Amino acid sequence: GFFGSTKSNKMQPRPDTLALLAQGKVGIESLKEMLPAERWPDLLGLLQQPTSQPPAILFAAKNLTKIFTENWNLFSAQQRTDIRTFMMNYLYTKGAEFSSAAIGGHDPSTNSALIAVLQSLVQLLCRLSKLTWIDEKERDISISEFSKFFEASVDHCIVGLNIFHELIREINYNAANFSLTEHRKIQISFRNDSLYKVLNLAVSYLTHVCNNSLGAQATPQHVMAICAEALNVSLACLSFDFIGTNPEDSVEDIGTVHFPLVWRPLMEEANVIDLFFRLYSLESATLMDRSKTLQCIAQLVSVRRSIFTNNETRNVFLERVLVGTLQIMKSERGLDDSDTFHQLCRVLMRTKANFLLDEITVSPSYPDWIQHVSRLTYTAFRFWRWSANSLYYLLTLWSRIVLSSPSYPAAATPPSAWEQAAPEIAKAYVETRMYIAEAVCQEESIDDPLENDEMLQQQMQAVPSLIRFRYQPLAEYIASLLDPRITRYKTLSQEAVADRSEPVIQKLQLVETELAWLVYIVGAVVGGRPSSMNGDDSDTIDGLLCARVFNLLQVSAQQPEQTDGSQRLHAAILFFLSRFRRVYIGEMSLYSSKVYDQLGLLSGLKDNTALVEVILRVVVADLKHWPSNTPIITNALTLFNEMVAGPSSSRILIGLPAVAELLLNHTAEHFAFLNDPTTPHTLFYSTLSKLLFADPLLVHFSGFVRPFESNLQLLKSMDD
């Protein structure tokens, strides 16, 4: 038959190559490509040879995984059973040897090689298991056949846990491209029949680790390995795709985890959540163990509300979470590791995301808990290089606390603990951005947070509610930072015209970077104005801050020097203008006389027309002055397009002399960025076209198309 032949042909390696590979006499490079499917008996034979070296076994396992996945339907039922039985027995016999050698070995490279071999064999067995279960459509999925791994030595237990970890990954992800129906059916069957059993098994081993009761044969290395593997299995179970939402597409702010109802004892009995906090506090726990433990806790914290019998049991669970996280924050154990710190921040954020503020504040642990959360946040702000990825979770936590207050944006009297802390957190965030600006300008090796657009956008989404909670004093603080820096920026800009020395440019770049942060924050706060917020006081404060930024525009327009600092500042200005336009200009905007009163008083901008003209001037200047900066060009064009898209703002634009000039002078001669094919030419001309045809008289049509006439004539005259 097709799989019966093992004879080689010209396209196959010589018959003895596999034997030489097994003996270690040739390397894997001698078999550069995967073997054809008909060689599967040779590969199984290679596994059986007692002289086979780890590289040969690794090669065989990877080939067999590919062959069986792609050709499983060509094997008879008996062959399928025999192959899986063989691999189960082989892994039982040899897997423990590999595990023992890797755990007890002293050569890191050899240990890594053995672990890779063991993992490839486990992957092969798990793929065969999924293929078999798909065949047996009417049978329940049983994991009892793996029980023998847990009835033998400690090394066998480690292999068994490794198998369950990989098996859940195999079931959870459609790595082999099975049909969606087949994949989801296996997922549901495994979830219903086996997942809870696997989790309970992993929890039992973690309990043994905590109680130091694994037995005399378990060495310290065994205990570490058991703990690591049991945590991997626990996290895989808790992160299972329970409702078919495809975990590969999930995001950090996952919201709710849908444990089946039969998992209720897991949430209502103290031993499980307390077990993970006990594991975290073990002196022997590794950094990886602590990180995985917190990831498990984050999943438990995110569980659906209906899993609890009643609110009382839910509040008992919440109290355990608050006490456990409070103990971690008090002891600071493990928090000198950035990943562990990061995972704790995720737990804190998810706690607020899945429990009501009223539920948290009635806890006996709450006053101490909120105080330590504040300290943790200050620490993250202060050590920003180390905690950059964690800021999103902390800012989101505080933002959710503030927004969940029934009196937002007002405060209770007297203010509660979080109401006292939140404004100070907001102030500390703004203040530490100035330290970041200084560090970035002084050390070239530092990654600039302003260049990480995704992280920056995340922070700007969380900041507005924090600042608006005590808007008046915080706006005054921001203004106190803006005013001297705008004055200093004006002075240094004038000085830099005559003096291009390095000290002057460095000072200029520093103040530009500081202003960039402040402009981003003002833009976020103005753009984050809740639509339900109606109040002249808030509009007046918006106007006071925005007027300062519009005054800054007049200075920045006179600074054509293209430095890193000016690039940051111009990007921030475009961000601000985009957010301001959405709130105060256009069809969906909030026309507030208080805002325009302040802008007219402080900046001379009394109405929409004046503001639209200023924004257009900024857009055109950026398009001309930053021809090779694609992000600035793209953001400027996006803002321009947004303005043109609104009927009211487009009517204002049509009447501006600057627009008439733009429609008549729009080629690469006037805008050098059009010489760069990577810049968004289409967006530029589609926006201009909207402007052109917004005028029913098409006054500028002839002038607009005139630059294209020579090219059109050339095309017309060309021969076919």
Side-chain angles (χ1 to χ4, degrees), residues 18-19 21-24 28 39-69 75 78-105 107 110-133 142-170 198 201-202 205 214-219 221-222 225-226 228-230 232-233:
L18 285 178
L21 179 65
Q23 298 166 21
I28 292 180
R39 299 299 302 276
W40 70 269
D42 294 340
L43 292 166
L44 283 178
L46 188 150
L47 294 180
Q48 291 177 295
Q49 293 181 29
T51 58
S52 291
Q53 298 298 306
I57 298 174
L58 181 66
F59 175 82
K62 289 189 173 184
N63 270 268
L64 287 168
T65 301
K66 184 175 185 294
I67 289 171
F68 292 145
T69 300
F75 289 84
Q78 187 59 49
Q79 281 180 312
R80 297 177 191 183
T81 301
D82 292 344
I83 289 169
R84 184 163 180 268
T85 302
F86 167 77
M87 283 309 306
M88 181 79 76
N89 293 332
Y90 179 81
L91 196 55
Y92 180 81
T93 305
K94 301 291 291 185
E97 295 179 17
F98 290 132
S99 175
S100 178
I103 292 172
D107 181 5
T110 301
N111 296 347
S112 298
L114 292 172
I115 291 172
V117 170
L118 178 59
Q119 195 61 36
S120 66
L121 292 170
V122 168
Q123 288 173 352
L124 172 56
L125 176 60
C126 293
R127 180 62 54 80
L128 291 172
S129 298
K130 186 171 184 178
L131 289 166
T132 300
W133 289 334
S142 173
I143 56 171
S144 58
E145 56 196 336
F146 299 103
S147 61
K148 63 180 181 181
F149 285 91
F150 302 97
E151 297 167 354
S153 68
V154 178
D155 288 303
H156 283 91
C157 292
I158 294 170
V159 175
L161 288 169
N162 194 335
I163 290 172
F164 278 146
H165 178 213
E166 178 60 29
L167 187 61
I168 295 170
R169 193 201 67 80
E170 181 68 41
V198 174
L201 178 71
Y205 275 100
L214 280 173
Q217 63 171 321
T219 65
Q221 290 81 6
H222 281 133
I226 287 279
E229 291 296 344
N232 285 336
V233 174

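Values reported hereafter were calculated over all heavy atoms of this structure, with side chains retained and with hydrogens, waters and symmetry mates removed. Remember, it's a predicted structure, so these values are computed and weren't measured experimentally.
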Validation row: V154, L214 side chains within 4.5 angstrom (heavy atoms) | no
Distance-only side-chain donor-acceptor flag, R84 / S129, under 3.5 Å | yes
Pairwise side-chain contact, L121 with M87, heavy-atom cut-off 4.5 Å (strictly under) | yes
Could you please spell out the steps behind the side chain to side chain contact (heavy atoms under 4.5 Å, CB included) verdict for I67 and L43?
-> CA-CA 10 Å; I67 289 171; L43 292 166; 3.8 Å; yes
When rounded to the nearest 0.5 Å, the distance separating CD1 of I163 from NE2 of H156 is 10.0 Å
Exercise: identify the closest heavy-atom pair between A102 and I115 | CB-CG1, 3.8 Å
Taking side chain as C-beta onward, heavy atoms only, is L47 less than 4.5 Å from L44?
-> yes
Are the side chains of I57 and Y90 in touch, meaning some heavy atoms are under 4.5 Å apart?
-> yes
Please confirm whether the backbone N or O of V117 pairs with a side-chain atom of S120, one donor and one acceptor, at under 3.5 Å?
-> yes
Can you tell if the side chain of T69 reaches within under 4.5 Å of the side chain of T65, non-hydrogen atoms only?
-> yes
When every non-hydrogen atom of A225 is compared with those of I158, the smallest separation belongs to CB-CD1, 3.7 Å
Do R169 and E166 meet the salt-bridge criterion of a basic N to acidic O distance under 4.0 Å?
-> yes
Minimum heavy-atom distance between S99 and V159, given as atom pair plus value = CB-CG2, 3.9 Å
Under 30°, 30 to 60°, or over 60°: which ring-plane class applies to F146 and F164, parallel, tilted or perpendicular?
-> perpendicular
Measure across L114 and A101 and return the closest heavy-atom pair with its distance rounded to 0.1 Å.
-> CD1-CB, 3.5 Å
Taking the six-membered ring for Trp, are F75 and W40 parallel (under 30°), tilted (30 to 60°) or perpendicular (over 60°)?
-> perpendicular
Looking only at heavy atoms, what is the nearest atom pair of E170 and K130, with distance?
-> O-NZ, 3.0 Å
Say you draw a straight line from CG of L64 to NZ of K62; how long is it, rounded to the nearest 0.5 Å?
-> 13.0 Å
Roughly how far apart are L124 CG and R127 CZ, rounded to 0.5 Å?
-> 9.0 Å
Indicate yes or no: at least one non-hydrogen side-chain atom of K148 is less than 4.5 angstrom from one of Y92.
-> yes
Does the pair D155 and H222 meet the rule for a side chain to side chain contact (heavy atoms under 4.5 Å, CB included), with working shown?
-> CA-CA 8 Å; D155 288 303; H222 281 133; 3.1 Å; yes
4.5 Å side-chain heavy-atom contact, T132 and R80 | no
Can you check whether L91 reaches L118 side chain to side chain, under 4.5 Å on heavy atoms?
-> yes
Once you round to the nearest 0.5 Å, how far does CD1 of I83 lie from CD of Q78?
-> 10.5 Å
Main-chain N/O of T85 paired with N89 side-chain donor or acceptor, under 3.5 Å = yes
With rounding to the nearest 0.5 Å, note down the distance linking CZ in F68 to CD in Q79.
-> 9.0 Å
What distance do T81 atom OG1 and F86 atom CZ have between them, rounded to the nearest 0.5 Å?
-> 15.0 Å
F149 vs L161, side chain to side chain contact (heavy atoms under 4.5 Å, CB included): CA-CA, chis, key distance, verdict = CA-CA 9 Å; F149 285 91; L161 288 169; over 6 Å; no
Compare every heavy atom of C157 with every heavy atom of F150, then report the nearest pair and how far apart it is.
-> CE2-O, 3.7 Å
